[in-house]
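The next block holds one structure in the form of structure tokens; read it before the comments.
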Amino acid sequence: MPAKKKATKRQPKPASKKKKSAARKRAAPSLAGALAEAAWAEADQALAEALVESDEVESATSATQREAAVALMIQALSRAGRKRGLTRIGVLGAREPYDPAKHQLMAAVAKKPRTVRIAARGVARGGSILVLPRAGPVVRGRRKSGQ
Amino acid sequence: MSDWTLCIDFGTAFSKAAAAPTGAWSRFEPASVRPLRLSQHDARGNAFLLDSAVFVDDGRILFGRSAIARADALGGKKRSALKSFKTLLSVSDLDRALNTNAPLSIDPHRLFQMRDLIVLYLAYLLAAIEKARALDPMIRGRITRRYAAPAWRGADSAGLHGTVVKLFGEAEAFRTQAGEALLSDAGLDIDAVVKALPIAMEGAQPLDMGLIYEATAAAAYTSIGLDDSASHLLVVDMGAGTTDIAALARIGNRMFELPEARATLKQAGDFIDRVIANRALDAAKWAKTTDQKAGLWAELMRGMRDTKETLFAEGRASVRYRDHIFTMGLRDVERDKDYQAFAKELKASYEHCVAVVRDDASARGRSAIEAVAVGGGAAAPFIQALIASKNTRGARPRVTPRPATPDWAHAAEFGGNLAPVFPQLAIAIGGALAPDSMLAARGTTSPVAGARTGSPATRD
């Protein structure tokens with residue numbers, strides 16, 4: 001009896017059709033994949049340059065040299081991001097109404113802040129947010145605390 | 001009736017191609033847009049870009065990335081690859097230019113005319129297209145071909161159409177003979193080419209291809225799928241060799257160009273490159289000798305694409321050359337006298353075009369005009385500022401800027417991967433999507449631009 005049940009379970013045709021179409025999908029070269037590869041080819045070059053510059057940062061013998069190498073490293077990283085379609089969210093230093101879905105609070109706070117200041121921009125790709133902007137609460141306590 | 005339309009964007013630095021199902025314009029689905037992997041045969045770099053280059057070596061003829069690599073390796077020996085065919089195709093007396101011998105630095109054997117080398121490159125391009133097309137299982141059935149070209153100096157592009165399809169026809173005949181050997185890293189044997197090329201060219205028929213203006217292709221991808229798109233569109237196309245402004249009007253299914261709102265400036269991406277390099281050279285006080293200056297210039301030019309992209313995106317860019325690092329800002333570029341003259345001329349030309357488009361839109365009772373920037377310079381802040389500017393000559397109808405990458409390029413089907421490369425592929429994609437009614441010339445027939453507008457296209 002149980003064997004019979006098993007056999008009937010294997011019967012449905014739609015399942016086998018599904019398998020076929022999945023197999024076909026796997027066999028077909030994906031355009032999205034090829035586009036991603038093309039973007040990566042250019043991003044790889046920029047990432048490689050960023051890695052080399054990171055060594056320059058380490059081995060810099062003066063503050064000026066280090067500053068210049070850091071600038072070049074950031075530039076190469078930004079370029080890699082652009083090649084992959086990454087975009088920045090928010091404006092550095094901007095004050096915005098706090099929204100837990102849009103900001104990552106940097107400090108532990110007892111009370112939810114009403115306004116935050118963007119300390120580091122977030123990163124998005126297409127419609128998805130990869131990293132939320134980092135923000136700190138805006139302290140408007142000077143008058144309140146009487147300092 | 002064909003099943004697919006394939007458009008070739010014969011670019012100054014790279015060639016691109018894309019296909020779309022015939023009728024995709026009216027039944028648009030983002031997934032049906034198929035950019036072709038023209039450099040799939042070459043593992044180096046972006047698979048969708050085919051380097052526009054031919055190099056005549058000692059015993060071989062090399063194409064694409066192999067040509068550039070070999071020319072770079074022999075850089076000190078006054079040898080160069082033939083590039084920028086597109087610029088050559090823009091000359092007023094094309095037949096004469098094609099029948100000129102290639103310079104010694106390009107062809108030291110004195111075997112080839114410019115026409116031969118262009119035909120050889122086009123054969124390479126057609127071979128790459130054929131291979132890429134076969135790779136994509138979606139592209140099946142009858143294919144109609146077309147190519148995109150700027151509307152150089154009035155109706156010249158349409159006037160040159162006969163010559164261009166003849167060149168493509170000769171290239172197709174040679175491709176049929178040479179086959180996939182064209183795509184090999186080692187290129188072709190010169191003696192074999194010298195024997196086979198004249199025979200192929202002699203019996204060749206013009207290739208059945210349409211012509212679409214680049215501005216029209218931009219209009220096609222910009223307004224597709226938008227029910228609320230404006231009837232009039234201004235296109236600012238900053239390529240490598242020229243900056244073109246064109247205006248298109250769409251009334252019902254008909255799209256036509258407004259010839260009076262067409263402008264071409266001789267300054268474009270290459271000019272901006274030189275301005276940036278000159279400013280950098282001025283700032284590099286340590287570069288005193290001719291050798292030092294030449295070395296720095298060559299290094300700057302090698303990395304110019306990245307430098308310029310960073311400068312446009314971030315407002316400043318740093319460059320490392322040996323143990324020197326220097327940073328320049330957009331303001332440095334804006335201080336350049338030549339740049340200032342160019343910016344002034346560009347603004348005046350754009351304002352003139354806006355005025356013409358406003359008049360036409362008002363006369364037709366339309367209230368909306370859109371502007372879009374395309375080409376390599378689309379991201380330049382001064383180009384974006386130009387299309388976003390509140391025009392001084394009158395205020396209505398309002399001109400609304402559109403993003404260089406249309407919203408549909410962010411569609412889920414592409415997994416976020418089309419948008420970053422879209423600017424490079426845009427013209428080929430727009431050209432494939434555009435309906436036949438947008439063509440400047442069909443098949444091997446003479447231009448239809450004048451017929452399309454209802455008034456003859458004028459020459460400058």
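These numbers come from a predicted model, not from an experiment. Chain identifiers are assigned alphabetically (A, B, ...) following the order of the sequence lines, protein sequences preceding nucleic acid strands; residue numbering begins at 1 within each chain.
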Check each atom of B/Ile325 against the heavy atoms of chain A and say whether the ones under 4.5 Å are side chain, backbone, both or neither. side chain
What do you reckon, is CZ of B/Arg331 surrounded by more than 12 foreign heavy atoms closer than 6.0 Å? no
Do you know which of B/Glu413, B/Met138, B/Arg320 has the most heavy-atom pairs under 4.5 Å to chain A? B/Arg320
Does any backbone or side-chain atom of A/Gln45 lie under 4.5 Å from a heavy atom of chain B? Answer side chain, backbone, both or neither. neither
What do you reckon, is CZ of B/Arg316 surrounded by more than 12 foreign heavy atoms closer than 6.0 Å? no
Rounded at 0.5 Å granularity, tell me how far OG1 in B/Thr310 sits from CG in A/Leu72. 10.0 Å
Chain B contact via A/Ala38 - side chain, backbone, both or neither, heavy atoms under 4.5 Å: both
Measuring heavy-atom distances to chain A, does B/Ala412 have an atom under 4.5 Å in its side chain, in its backbone, in both, or in neither? neither
Is chain A contacted by the side chain of B/Asp323, its backbone, both, or neither, given a heavy-atom distance below 4.5 Å? neither
Min side-chain heavy-atom separation A/Lys83-B/Asn46 under 4.5 Å: no
Above 12 or not: heavy atoms from other molecules or residues under 6.0 Å from NZ of B/Lys308? yes
Charged N-O contact under 4.0 Å between B/Arg305 and A/Glu42: yes
Kindly check if the number of other-residue, nucleotide or ligand heavy atoms within 6.0 Å of CD (B/Glu334) is above 12? yes
Of all heavy-atom pairs linking A/Ala32 and B/Asn417, the shortest is O-ND2, 3.3 Å
What are the two closest non-hydrogen atoms of B/Ser318 and A/Ala71, and how far apart are they? OG-CB, 4.3 Å
Only one of A/Arg79, A/Arg82, A/Gln75 passes side-chain contact (heavy atoms from CB on, under 4.5 Å) with B/Glu314, and that residue is A/Arg82
Part of B/Ala47 lying under 4.5 Å from any heavy atom of chain A: backbone
Quick one: does any side-chain atom of A/Arg125 pair with a main-chain N or O of B/Gly416 as donor and acceptor, under 3.5 Å? yes
If I compare all heavy atoms of A/Leu31 with all of B/Val33, which pair ends up nearest, and what's the gap? CD2-O, 3.4 Å
